[in-house]
Amino acid sequence: MSIINNIEKYVLAEIVGVLGKKTIDPDEDLLEQGIIDSLGLMKLITFMEETFSMKILDEEIIPENFQSLNSMASLVKLQSQA
Amino acid sequence: MSDYLLQHLLLHSAEKKPDKNAVLFKDKSVTYSELEHQSNILALTLQQMGINKGDRVGILLTKSIEQIVALFGILKAGAIYVPLDSTAPAVRVNYMIGHCGIKCLITTAGNLNALLSDSEEETVVNTVLLFGEALKEFPHKKIMLKSLPLNMKTAAATSEYLPIEASDTSPAYILHTSGSTGNPKGVAISHRNALTFVEMAANFFNADENDRFASQAPLHFDLSVFDIFVAVKCGATIVLLPEQLSTFPVKLAEYINKEQITVWNSVSSVLTLIADKGMLNLRCFDTLRLVHFSGDIMPVKYLRILTRYMNKASFYNIYGQTEANSSMCYPIEQIPDDDTWRIPVGRPFPNFEVFALRDNGELVVRPEDEGELFISSSTVALGYWDNMIMTNEKFVPDPRYPLAKKIVYKTGDLVRIDRNGEYVFTGRKDSMIKSRGYRVELGEIEAVLSSHPEIAIAVAFSVPDELIGNRISAIIVPTAPSAINKVEVAKYCATRLPKYMIPDGIEIRDHLPLTSTGKVDRKNLGTAVSL
């Protein structure tokens with residue numbers, strides 16, 4: 001499963017409030033819509049760290065890295081290249 | 001100049017400091033004279049739309065200068081403002097609209113579309129005032145629609161709004177809190193209730209025109225009363241924090257630093273996030289002079305981090321409820337080494353009296369006594385909107401003076417008095433909990449879960465959490481095996497409950513643990529659900 005599909009699956013299943021949604025557009029703004037709030041973000045970070053064996057640093061917890069599925073996937077890829 | 005009604009605070013600051021910045025939001029600002037002028041136009045518009053004294057007007061807007069304009073415009077028109085949570089499900093917003101009899105809704109095209117498209121039934125509001133661009137297509141013929149430009153700086157008022165004769169005991173706003181019966185309760189607060197608190201707080205905390213108040217709490221949360229009205233009373237500046245930034249601790253710390261905030265007032269969980277992940281070492285907090293935290297228990301280890309980096313600020317644990325505003329505070333002086341220290345809620349503010357009664361009706365006086373806290377003050381609200389039964393249960397004649405018509409608020413909070421004479425919170429008489437600073441009636445969650453046709457019985461319970469106070473879990477028993485799955489339950493909740501009330505952990509079982517007397521064994525639920 002691709003990184004994006006993996007995160008999408010998690011957001012759809014676990015970040016509640018995604019009403020009637022079956023898919024999320026990779027560039028859809030999840031922050032503007034309030035889909036990801038502070039508690040959701042913390043759950044998402046734990047999921048990403050465990051699933052992709054990565055450590056998300058405090059300075060990386062910024063809107064630019066969590067705006068959309070694409071930006072989260074970029075963060076994962078960036079770390080795997082480092 | 002005396003302030004008899006909340007809008008007088010703005011009028012007087014606009015006269016004294018017309019060119020001072022009243023509200024900042026991102027790169028936008030309004031001065032006091034502009035805020036006065038724009039809210040006058042809004043008041044006139046509302047009156048032209050048929051809004052009269054005492055009518056309820058909903059505000060369905062995210063943080064914005066327009067939100068503050070709307071609030072004062074509604075008050076000037078003699079109406080009652082009802083802030084609505086734009087992230088709450090449409091069913092819940094529609095309930096509040098119906099229950100308060102909201103006659104007009106002030107919103108934007110985006111928020112209105114979201115409300116109407118998510119509504120299962122037709123929304124009951126019949127007049128809408130839109131900020132920003134008018135809708136090109138609007139199929140809802142029954143709703144009267146009017147638009148106001150987003151930037152009203154240059155708009156000239158064609159005539160003045162009609163000043164309203166009003167008593168300071170009239171309701172000024174209605175704030176909703178969780179209700180155990182399955183629907184939120186609307187707390188009706190008068191001008192005098194709010195002004196009593198605002199005047200006291202401005203003096204107590206030495207607020208002045210040089211202050212820059214962070215406005216983090218949403219308008220539907222009662223912390224906003226301090227942020228907005230104390231700032232306006234003093235001619236200070238309100239710096240609105242965009243909702244998105246509240247999610248990111250690093251951004252919150254940066255905002256306090258860059259915006260040169262002097263007064264911060266939030267629930268504890270926002271501050272614990274800042275302490276935990278805000279990278280405070282990168283920031284300078286020299287302008288910050290006052291930090292209020294409230295709502296849930298602040299873990300001492302995070303308080304220690306905050307006081308180390310925000311070392312110019314005085315920290316206060318603030319205690320209160322929407323029904324009586326903030327009534328007590330505890331100033332943080334020395335933080336003990338013991339990480340299990342529970343910060344007291346302290347002593348009452350100057351214009352409050354509090355007392356606690358034991359189950360046998362005697363006053364709590366000794367350190368070993370525990371009792372229910374009562375609050376007496378002219379801040380004690382008028383009651384719950386359109387709910388006399390609940391009002392009479394919680395707003396009761398002072399049990400110490402049964403013959404006088406003196407009403408006190410019965411909090412449901414259990415307290416004791418420590419050896420220094422400070423009140424300490426010990427628990428609740430009912431099943432209300434706090435999560436992320438929000439009051440949550442577990443009964444409201446259970447009522448919603450049980451309303452699902454495939455759910456036979458449901459129990460909601462809390463699991464203590466260091467960062468957010470409590471997490472919520474639920475165990476449900478379906479009407480038939482495999483009748484419903486967890487995702488369906490979560491989605492059902494999301495259509496009826498605000499996010500902070502949706503259980504994090506849901507477990508489906510074929511029966512619930514019972515005590516020997518046949519009741520649900522709540523004590524043994526806590527470890528049952530993995531989060």
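Residue numbers begin at 1 in each chain, while the letters A, B, ... track the order of the sequences. Predicted model only: the values in this text are computed from it and were never measured. Just so you know, these numbers use all the heavy atoms, side chains as well, and skip hydrogens, waters and symmetry mates.
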TODO: Please list, in residue-number order, every residue in residues 48-61 of chain A that has a heavy atom less than 4.5 Å from any heavy atom of chain B; write 'none' if there are none.
DONE: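 D58(A), E59(A), I61(A) fall under the 4.5 Å cut-off.
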Task: Those residues that, when tested against E243(B), pass salt bridge (Lys or Arg N to Asp or Glu O under 4.0 Å) (two or more places apart) - done: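 Testing E243(B) for salt bridge (Lys or Arg N to Asp or Glu O under 4.0 Å), a comparison that skips the adjacent residues, returns none.
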Task: Which portion of K251(B) sits near chain A, non-hydrogen atoms under 4.5 angstrom - done: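 When you check distances to chain A, only side chain atoms of K251(B) fall under 4.5 Å.
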- [ ] Check each atom of L467(B) against the heavy atoms of chain A and say whether the ones under 4.5 Å are side chain, backbone, both or neither.
- [x]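 Contact with chain A: none, neither part.
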Can any side-chain N or O of [X] pair as donor or acceptor with the backbone N or O of [Y] at less than 3.5 Å?
X: S224(B); Y: H220(B); answer: no
X: T87(B); Y: D85(B); answer: no
X: S178(B); Y: E441(B); answer: yes
X: S86(B); Y: T62(B); answer: no
X: K63(B); Y: L241(B); answer: no
X: N470(B); Y: S435(B); answer: no

Task: chain B contact via L31(A) - side chain, backbone, both or neither, heavy atoms under 4.5 Å - done: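 For L31(A), heavy atoms of backbone and side chain both lie under 4.5 Å from chain B.
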